[in-house]
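If you're wondering where the values come from, they're calculated on a predicted model, not measured in any experiment. Start at 1 with the first residue, then count along the sequence.
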Amino acid sequence: MDCPQRRKMGGSTSPIWPTPDGIQLFLPLAGRRDAGEDFRGFARGGRSFRNKHRLNSRKSICTSKPWAKKAIRAARESFCIGTTRGGKTTKIHSLVNRIGLPVQLAITAGNVQDCSEAIPLVEQSPLKTGSNLLGDRIYGSREFRNYLTGRKILYTIPPKKNIKNPWPYDKAGYKRRNIVERFFCRIKDFRRIATRYDKRDDSFFAFVLLAASFVSFAILHI
């Protein structure tokens, strides 16, 4: 610009590099080989250049990650993490005996129903014919009760309040269900379980088994 108040600046002693050499670091982001052609095409027509090459910043920065919602949801479920009203949680399912020793343990995502893991736990446990199983209201599904009846296992499970035809149950015997609640209170004393610092489900479940062994040793006074 012609201005009497401005002075001419001295020329740079270093050679001036062409534009493509100065933007070599940004080539992986754009995913192109010749940055000079891209920038010239962008200067000629921005919208046509964008529609032709279809640049996507999320995919071009890291093309190996799954950006689909289904893939992200599947990855979360593989780590036994599910979104509930309380946030991202993991459920611990346990079957204990009459003195509070853990018999079977399992973990699932927080959005998985509790009753879906009841039958696998009972199948793997050494429950005998005539045993009495205490359970919460959530385990009072018809499928689970029919399964226990088929194996000739007694159950003390109170019905839900919205059931039209509730079944009778032993209220005095149901008070002993606090044994499993005390077991969960004991393993929650381990901070690593209460907050789940482990990302992978196998690492978390390994520490759950370790904490259950410590609780068993404390109950047996070993």
A side-chain contact here means heavy atoms from C-beta on lying under 4.5 Å apart; do Arg196 and Ile81 qualify? yes

With side chains defined as the heavy atoms from C-beta onward, is the minimum distance between Tyr139 and Tyr155 less than 4.5 Å? no

Can you establish whether the number of heavy atoms outside Phe214 located under 6.0 Å from its atom CZ is more than 12? no

Any side-chain to backbone donor/acceptor pair from Trp167 onto Pro158? Under 3.5 Å, distance only. no

Please identify each residue that fulfils side chain to side chain donor-acceptor pair (under 3.5 Å) with Thr156, with sequence neighbours left out. Asn132

Can you label the angle between the Tyr174 ring and the Tyr169 ring as parallel, tilted or perpendicular, going by 30° and 60°? perpendicular

If Ile, Leu, Val, Met, Phe, Trp and Tyr residues are connected whenever their side-chain heavy atoms lie under 4.5 Å apart, and connections chain through other members, are Ile153 and Ile179 in the same group? no

Single-linkage hydrophobic cluster Leu209~Phe217, side-chain heavy atoms < 4.5 angstrom: yes

Counting C-beta onward and ignoring hydrogens, is there a side-chain heavy-atom pair between His93 and Thr108 closer than 4.5 Å? yes

For Tyr197, is the NZ or CZ atom of Arg192 found under 6.0 angstrom from the centre of its six-membered ring and inside 45 degrees of the ring axis? no

Restricting to side chain to side chain contact (heavy atoms under 4.5 Å, CB included), what partner residues turn up for Arg98, sequence neighbours left out? Arg176

Do Leu95 and Leu133 have side chains that approach each other closer than 4.5 Å (heavy atoms only, starting at C-beta)? yes

Please identify each residue that fulfils side chain to side chain contact (heavy atoms under 4.5 Å, CB included) with Ile138, with sequence neighbours left out. Asp114, Asp136, Lys160

How far apart are the C-alpha atoms of Asn178 and Arg182, what are their side-chain angles, what is the distance that settles it, and do they pass the side-chain hydrogen bond (donor to acceptor under 3.5 Å, both in side chains) test? CA-CA 6 Å; Asn178 57 35; Arg182 294 203 302 265; 2.9 Å; yes

Given 3.5 Å as the limit, does a donor-acceptor pair link the side chain of Ser203 with the main chain of Asp198, or not? no

